[in-house]
Amino acid sequence: MTQSQQSHRKDEHVFLAEKYFKADANAGFDQIRLLHRALPETALADVDLTPPLPFGWRWPIYINAMTGGSPQTGKLNAQLGQLANALGVAIASGSQSVALHDPELSSTFTTLRKHNPDGFLLANIGAGHDVHAAKKAVTMLHANALEVHLNAAQEVVMPEGDRDFLWQDNIQAIAAGVSVPVVAKEVGNGFIREDLQTLQQLGIRYVDLGGRGGTNFAVIENARRPQQDFAYMRDWGQTTTESLLEARGLPLTILATGGIRSPLDVVKAQRLGAHAVGISGLVLHHLIQTGYAATLAYFQEFLHQIRQLYALLGVTNWQALQTAPALLGTKLEHYRRARNLPAI
């Protein structure tokens with residue numbers, strides 16, 4: 001089978017995502033300080049990490065959208081499906097748009113369900129697609145939910161990207177017409193409050209903030225440009241922590257993705273209101289560099305350390321974590337005040 005331009009692009013994305021992966025992300029988590037409790041009065045056995053979601057998830061993390069659409073990325077998706085199954089965490093597919101155009105590539109996505117037959121799986125489609133395409137994406141994976149990704153900055157920088165971003169009618173129709181929960185997801189440039197409120201009005205109840213600080217598709221797509229003339233876009237958008245502040249107090253279920261590098265980042269994101277936290281680049285990096293078995297062991301310990309941090313903070317569940325003493329650094333507090341956002 002001759003590889004299409006779209007399929008080849010999926011391989012490029014994986015290669016470039018790993019090339020630009022940074023062990024120390026810049027998502028703003030260094031601007032959040034959780035205060036140590038010398039007398040936590042907790043026991044690990046009493047900590048309940050179940051996130052306050054209507055999805056039945058056991059853990060506060062999930063493997064977020066990454067890949068699929070080529071033979072190489074199909075192999076990665078098989079491993080990701082196995083990993084999600086072994087850890088008992090939810091997993092989101094990469095964008096299925098390429099498989100809707102070329103059904104021969106659908107197996108590079110359905111392998112997620114094949115290797116995770118009973119797990120919680122999110123389908124994934126771009127906001128430029130209509131409700132019929134959204135339903136096909138869900139059916140393809142027998143998905144439990146659907147991510148609708150918002151990636152205007154990526155499309156602008158992508159040499160062959162879309163140039164029309166008239167998405168609100170599609171989003172409203174998908175939210176009303178699809179039988180599973182719909183998650184509106186940014187892909188690395190975050191949200192401001194005004195857009196979150198617009199999504200509410202369109203019928204969206206779940207948002208993945210997808211903040212700046214992790215995998216940066218503006219950088220990735222710029223690397224694919226002959227002149228690489230969009231280098232100035234590397235800092236475009238709101239960080240994950242800024243986006244969390246933008247979302248505080250809104251009647252939305254908030255998922256936070258972007259630059260998660262440690263169990264402490266997960267707990268900090270939850271302290272700012274994230275109901276659960278998505279991890280993409282860190283999973284892909286470990287899978288490529290260390291293999292499946294080592295990646296599984298790494299994230300099993302990762303989950304255990306989240307439990308330990310809860311206990312160290314003197315809390316035993318998400319609700320209690322919301323009142324754990326915390327401070328914002330100068331930059332993040334300045335952002336909060338400048339934007340007139342609720343205090344933490």
Side-chain angles (χ1 to χ4, degrees), residues 17-18 20-34 49 51 53 57-67 80 83-84 87-92 94 120 122 124 147 149 183 185-191 206-217 219-220 237-247 253-290 295-310 313 318 321 326 328-329 332:
E18 176 58 20
Y20 292 114
F21 176 84
K22 295 181 180 179
D24 296 320
N26 188 26
F29 289 107
D30 61 323
Q31 285 285 303
I32 305 168
R33 182 178 175 186
L34 302 179
L49 293 179
L53 296 168
W57 292 2
R58 292 169 49 199
W59 301 107
I61 69 168
Y62 63 105
I63 301 172
N64 213 345
M66 277 186 272
T67 193
L80 290 169
L83 186 64
L87 290 170
V89 301
I91 185 169
F120 194 101
L122 296 93
N124 184 332
E147 287 186 339
H149 65 260
V183 180
K185 167 187 166 55
E186 241 292 348
V187 303
N189 299 107
F191 278 97
Y206 307 94
V207 176
D208 181 339
L209 297 175
R212 175 169 56 83
T215 303
N216 190 325
F217 277 97
V219 170
I220 287 172
Q238 292 72 249
T239 65
T240 304
T241 50
E242 290 167 348
S243 300
L244 280 162
L245 292 180
E246 295 279 355
T253 296
I254 297 298
L255 309 175
T257 306
I260 303 297
R261 293 292 183 266
S262 71
L264 184 56
D265 289 345
V266 172
V267 177
K268 287 180 176 181
Q270 288 198 291
R271 174 58 183 84
L272 288 193
H275 296 85
V277 177
I279 305 177
S280 303
L282 187 66
V283 176
L284 186 64
H285 174 71
H286 278 277
L287 198 57
I288 291 173
Q289 295 298 325
T290 69
T295 301
L296 175 59
Y298 177 88
F299 281 100
Q300 286 172 330
E301 176 61 20
F302 192 104
L303 289 169
H304 180 61
Q305 289 185 17
I306 295 173
R307 185 182 302 278
Q308 290 175 310
L309 289 171
Y310 267 56
L313 291 169
W318 183 89
L321 178 62
L328 298 183
L332 198 55

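Remark: side-chain polar atoms of Ser280 are not paired, donor with acceptor, to backbone N or O of Met66 under 3.5 angstrom. The main-chain N or O of Phe29 is found under 3.5 Å from a side-chain atom of Lys268 such that the two form a donor-acceptor pair. Counting only distance, with no hydrogens or angles, the side chain of Arg261 and the backbone of Lys22 share a donor-acceptor pair below 3.5 Å. With Thr239 contributing its side chain and Arg212 its backbone, the two residues share no donor-acceptor pair below 3.5 Å. In terms of modelled atom types and a separation under 3.5 Å, the side chain of Gln31 and the main chain of Leu332 share a donor-acceptor contact.
The minimum heavy-atom distance linking Ala92 with Asn64 is given by the pair CB-OD1, 3.6 Å. The nearest pair of heavy atoms linking Gly237 to Glu242 is O-OE1, 4.4 Å. Between Leu209 and Phe191, the shortest heavy-atom distance links the atoms O-CD1, 3.5 Å. For the residue pair Leu80 and Leu287, the shortest heavy atom distance occurs at CD2-CD2, 3.9 Å. In terms of heavy atoms, Leu87 sits closest to Trp59 at O-NE1, 3.2 Å. Taking all atoms of both residues into account, the shortest heavy-atom contact from Asn124 to Ala65 is ND2-CB, 3.2 Å.
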Practice task
Tell me, with the steps shown, if Tyr310 and Gln270 meet side-chain hydrogen bond (donor to acceptor under 3.5 Å, both in side chains).
Solution key: CA-CA 11 Å; Tyr310 267 56; Gln270 288 198 291; 2.7 Å; yes
Problem - Leu328 vs Leu245, side-chain contact (heavy atoms from CB on, under 4.5 Å): CA-CA, chis, key distance, verdict - result: CA-CA 11 Å; Leu328 298 183; Leu245 292 180; 4.2 Å; yes
Handout entry: Audit row: Thr257, Val277, side-chain contact (heavy atoms from CB on, under 4.5 Å) steps and yes/no
Key = CA-CA 6 Å; Thr257 306; Val277 177; over 6 Å; no
Problem - Worked verdict on Val266 versus Leu309 for side-chain contact (heavy atoms from CB on, under 4.5 Å) - result: CA-CA 10 Å; Val266 172; Leu309 289 171; over 6 Å; no
Exercise for the section: Mind running side-chain contact (heavy atoms from CB on, under 4.5 Å) on Leu282 and Phe299 for me, showing each step along the way? Expected result: CA-CA 10 Å; Leu282 187 66; Phe299 281 100; 4.0 Å; yes
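With no hydrogens or angles considered, a side-chain donor-acceptor pair links Gln289 and Glu18 at under 3.5 Å. Glu147 and Tyr206 share no side-chain donor-acceptor pair at under 3.5 Å.
Here the straight-line distance linking atom CZ of Arg271 with atom CH2 of Trp318 works out to 10.0 Å at 0.5 Å rounding. With rounding to the nearest 0.5 Å, the separation of NE2 in His285 from OG1 in Thr215 is 11.5 Å. Interatomic distance, Ile91 CD1 to Ile63 CD1, rounded to the nearest 0.5 Å: 4.5 Å. Annotation: the span from His286 atom NE2 to Phe302 atom CZ amounts to 8.5 Å, rounded to 0.5 Å. Rounded to the nearest 0.5 Å, atoms OG1 (Thr253) and CG (Leu53) are 6.5 Å apart. Of the inter-residue distances, the one linking Glu246 atom CD with Leu272 atom CG reads 12.5 Å to the nearest 0.5 angstrom.
Within the 4.5 Å cutoff, no side-chain heavy atoms of Ile306 are placed close to those of Leu264. Between Val207 and Leu255 there is no side-chain heavy-atom pair separated by less than 4.5 Å. Residues Thr295 and Tyr298 form no side-chain contact, since every pair of their non-hydrogen atoms from C-beta on lies 4.5 Å or further apart.
A tilted orientation is assigned to the rings of Trp57 and Tyr62, their planes being inclined by 30° to 60°.
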